[in-house]
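Heads up, the thing below is written out as structure tokens.
As the structure lists them, so they are numbered: ligands from 1, and atoms in each ligand from 1.
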Amino acid sequence: MDIRAPEQQYNPYRVYTREQWARLRDDTPMTLEPGEFDRLRSLHDRLDLKEVEDIYLPLSRLLSIYVDAMQRLYYAERQFLDIRDRKVPYIIGVAGSVAVGKSTTARVLQALLARWSPRPKVELITTDGFLYPNAVLERQGIMQKKGFPESYDLPLLLGFLSDIKSGRRHVRAPVYSHLTYDIVPNQWAEIDQPDILIVEGVNVLQTGKLPRDGKAVPVVSDFFDFSVYIDADEAALRQWYIKRFLALRDTAFTNPKSYFNRYALLSDEEATATAIAIWERTNLANLEDNILPTRPRATLILKKGADHTVASVALRRL
Ligand SMILES: Nc1ncnc2c1ncn2[C@@H]1O[C@H](COP(=O)(O)OP(=O)(O)O)[C@@H](O)[C@H]1O
Ligand SMILES: CC(C)(COP(=O)(O)O)[C@@H](O)C(=O)NCCC(=O)O
């Protein structure tokens, strides 16, 4: 235990207000077209020009420094070891609660990084593709634990990342559908030697239980060069989850193929009660037990306020 006064304790992060962080954009140009915002934004997430200018352009600038430095280190080490092989993809993890807006952040980063010069190949993968199919979750009695560590095929995810890092071509990842709430049979996303890969999911900073015998067991973040945790207070997350559930009731849930089709005819009150029940039973429990504890492992923490915009940024010291 650190018995020093809080102000004397070592803080691994430098913390910036939104205004301080926004100034770090410097002369990074805006490369997104106005029409692209709708495509990048998830349901009920907030994303406007100011958010990209104040938060994501400084982050894009910082990432370009990190990627550049890593490439130079990589080549210097290759020279030292007298090895000649192709460069490895730079991997960025995006973590945070269900409904915090990970998908939007990941898509904005993908769009901004892909416009760097010379144009890198930037791919994006979500870890929900590595969830076990519903049939398996049902057999194991963990359908209500979707998103918990035990609901993912971790060896498959680790194998995928290892293939990517080792420069393999045409690496396949399974695909998840939010509509059917299940893995899509016989469908894969193919990742072919990207320069940068963004890996988004609630579980990406989890370590699991490390073996006591010292045997080497990789964890997902061993493959990351940089990671972002998107943070928000529980009260805000709960509201966003309920709001999104109500919006989905009127849209996606009305599709007969939707797993939640039975909720399409619920009244506002019934739908809110259902959303709160799912939130508390599954997503909040997962946040408290398995997601929030990984926050201190991130390179960068984006803290959102109740209006979905980023209020402060914490960057881990090198
Ligand atoms: N039941 C659902 N039906 C259709 N789309 C959904 C459903 N649940 C979530 N989504 C969409 O799936 C995406 C991922 O959501 P989620 O995993 O909660 O992460 P985040 O909100 O952090 O991006 C979001 O774009 C969300 O709007
Ligand atoms: C699939 C999810 C765990 C999110 O996974 P992620 O892509 O963030 O790894 C989540 O969207 C989910 O389905 N949660 C289960 C409870 C619910 O239906 O909200």
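Residues Tyr176 and Phe130 keep their aromatic ring centres 6.0 Å or farther apart.
Of the N and O atoms on the side chains of Ser312 and Trp21, not one donor lies less than 3.5 Å from an acceptor on the other residue. Counted by atom type alone, Asp307 and Thr309 present one or more donor-acceptor pairs between their side chains at under 3.5 Å. Trp279 and Gln239 are not linked by any side-chain donor-acceptor pair at a separation below 3.5 angstrom, with hydrogens and angles left out of the test. Between the side chains of Thr126 and Asp128, a donor-acceptor pair is found at a separation under 3.5 Å.
When only non-hydrogen protein atoms are considered, atom 15 (C) of ligand 2 lies nearest to Tyr181 OH, 3.4 Å. Looking only at protein heavy atoms, the nearest one to atom 3 (C) of ligand 2 is Gly147 CA, 3.5 Å. Looking only at protein heavy atoms, the nearest one to atom 4 (C) of ligand 2 is Val98 CG2, 4.3 Å.
Residue Tyr152 touches ligand 2 through its side chain alone, judged by heavy-atom distances below 4.0 Å. Only the side chain of Arg244 comes within contact range of ligand 1, with a heavy atom under 4.0 Å; no backbone atom does.
Residue Ala99 has at least one heavy-atom neighbour below 4.0 Å for each of these atoms of ligand 1: 18 (O), 19 (O), 20 (P), 21 (O), 22 (O). Within ligand 1, counting atoms from 1 as listed, the ones closer than 4.0 Å to a heavy atom of Phe260 are 1 (N). The atoms of ligand 2 that sit less than 4.0 Å from any heavy atom of Val202 are 6 (P), 8 (O), 9 (O). Every atom of ligand 2 is numbered from 1 in the order shown, and the set under 4.0 Å from a heavy atom of Tyr241 is 17 (C), 18 (O), 19 (O). Heavy-atom proximity to Phe253, at under 4.0 Å, picks out these atoms of ligand 1: 1 (N). Applying the 4.0 Å criterion to heavy atoms of Thr282 picks out, from ligand 2, the atoms 15 (C), 16 (C). Under a 4.0 Å criterion applied to the non-hydrogen atoms of Ser97, ligand 1 contributes the atoms 22 (O). Less than 4.0 angstrom separates some heavy atom of Thr127 from each of these atoms of ligand 2: 9 (O). Of all atoms in ligand 2, numbered sequentially from 1 with element shown, those under 4.0 Å from a heavy atom of Lys102 are 8 (O).
Looking at Arg295, its side chain never comes within 3.5 Å of a backbone N or O of Ile291 through a donor-acceptor pair.
Counting heavy atoms only, His178 comes closest to atom 4 (C) of ligand 1 of the residues Lys102, Arg107, His178. With atom 1 (C) of ligand 2 as the reference point, the heavy atom nearest to it among Ile125, Asn283, Leu131 is part of Leu131. With distances taken over non-hydrogen atoms, the option nearest atom 14 (C) of ligand 1 out of Gly96, Ser103, Ala106, Ala232 is Ser103.
Among the atoms of Gly101, some N or O lies under 3.5 angstrom from an N or O of ligand 1. In terms of N/O distances under 3.5 Å, ligand 2 is not approached by Asn203. Remark: ligand 1 and Thr104 share no N or O pair separated by less than 3.5 Å (distance only, no angle test). Considering both main-chain and side-chain atoms, Leu179 never comes within under 3.5 Å of ligand 1 through any nitrogen or oxygen pair. Between Tyr176 and ligand 2, no pair of N/O atoms sits closer than 3.5 Å.
Residue contact check for ligand 2: His178 places a non-hydrogen atom closer than 4.0 Å to it. Within the 4.0 Å heavy-atom cutoff, Trp279 does not count among the residues contacting ligand 2. In this structure, Gly201 does not count as a contact residue of ligand 1, since none of its heavy atoms falls inside 4.0 Å of the ligand.
Using the six-membered ring where Trp is involved, Tyr259 and Tyr181 have ring planes that are parallel, under 30° apart on the 30 and 60° scheme.
Taken together through direct or relayed side-chain contacts under 4.5 Å among Ile, Leu, Val, Met, Phe, Trp and Tyr, Tyr263 and Ile276 form parts of separate hydrophobic clusters.
For the pair Lys146 and Tyr152, the cation-pi test (distance below 6.0 Å, angle within 45°) is failed.
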Check: So Asp231 and Leu302, side-chain contact (heavy atoms from CB on, under 4.5 Å) or not? Walk me through it.
Finding: CA-CA 6 Å; Asp231 195 20; Leu302 296 177; over 6 Å; no

Notebook entry, point to check: Can you check side-chain contact (heavy atoms from CB on, under 4.5 Å) on Val94 and Val199, steps first, answer last?
Noted result: CA-CA 6 Å; Val94 177; Val199 182; over 6 Å; no

